Amino acid sequence: HSSCLEALSQSTPSTFLTLADISAGLDVAKTQISYWSNMIGNVCSKCPQPSEVIVIGTHTDKIKDKAKLIRMQDELCRHADEALKKTKQHFAGFMGLNITDYRSADMKWFINNLLMETNEVVRKRCPAISPNCHVLYSLLTEKVPHDKVAITLSDLLQLLDAVKDHGLSTNVSEIT
């Protein structure tokens, strides 16, 4: 993990998303947060600016008692903030998320918000790359036959119309 994090941390300040499985219990989630906080802190210790760390509490759908879920999320926020302060990194926030099904409404909401929030960063660092490129790539690799060599803009728009809730615009001026 550390070699990957070192490469990622070269463009400071970096933003990291860390996952903690809430359904495994509070102690397990805290251990996961501590592990990643220490790993990020060690790798980014020489960076001139602290990295931003967003903690994602996964499998929220497994916790049926909503009051318990809120208490767990509050406790994990406090724990993440304390763990990251020790490593001189910045706790940027916590989000509970059901990622059991990548097509879930939570996941679509998360991806859309992540794309919107990181759009400015992506455009500054890679002005030629649209933040939608990964979503579009996934859609094309899943839905276009592997033996197809090329796809026209018209075919792409038909594909986008056929696949609901993909999160991409079908406005031609935004695609080109």
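Quick caveat: nothing in here was measured; it's all calculated off a predicted structure.
- For S45, the side-chain contact (heavy atoms from CB on, under 4.5 Å) criterion is met by no residue, not counting sequence neighbours.
- Residue pairs meeting the salt bridge (charged side-chain N to carboxylate O under 4.0 Å, His left out) criterion with at least one partner in residues 81-93, sequence neighbours excluded, are D81-K85.
- Judged purely by atom type and a 3.5 angstrom limit, E52 has no side-chain atom pairing as donor or acceptor with the backbone of H90.
- With sequence neighbours left out, the side-chain contact (heavy atoms from CB on, under 4.5 Å) criterion links T18 to W36, I40, V53, V55.
- Note: Q32 CD to L19 CG = 8.5 Å, rounded to the nearest 0.5 Å.
- Heavy-atom minimum distance, A20 versus I33: CB-CG1, 3.8 Å.
- Counting heavy atoms from C-beta on, the side chains of F16 and C44 come closer than 4.5 Å.
- Sorted pairs that involve residues 32-43 and meet salt bridge (charged side-chain N to carboxylate O under 4.0 Å, His left out), not counting sequence neighbours, are lacking altogether.
- If you take NE2 on H79 and CZ on F94, they are separated by 11.5 Å, rounding to the nearest 0.5 Å.
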Under 3.5 Å, sequence neighbours excluded: what are the donor-acceptor pairs made by side chains of residues 67-78?
{"residue": "E75", "atom": "OE1", "partner": "R78", "partner atom": "NH2", "Å": "3.0"}
{"residue": "E75", "atom": "OE2", "partner": "K30", "partner atom": "NZ", "Å": "2.8"}

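- Of the inter-residue distances, the one linking N38 atom CG with L84 atom CG reads 9.0 Å to the nearest 0.5 angstrom.
- Scanning both residues, I54 and A92, for their nearest heavy atoms gives CG1-CB, 3.8 Å.
- Taking both residues in full, the closest heavy atoms of S23 and H59 are given as OG-CB, 3.6 Å, listed atom of the first, atom of the second, then distance.
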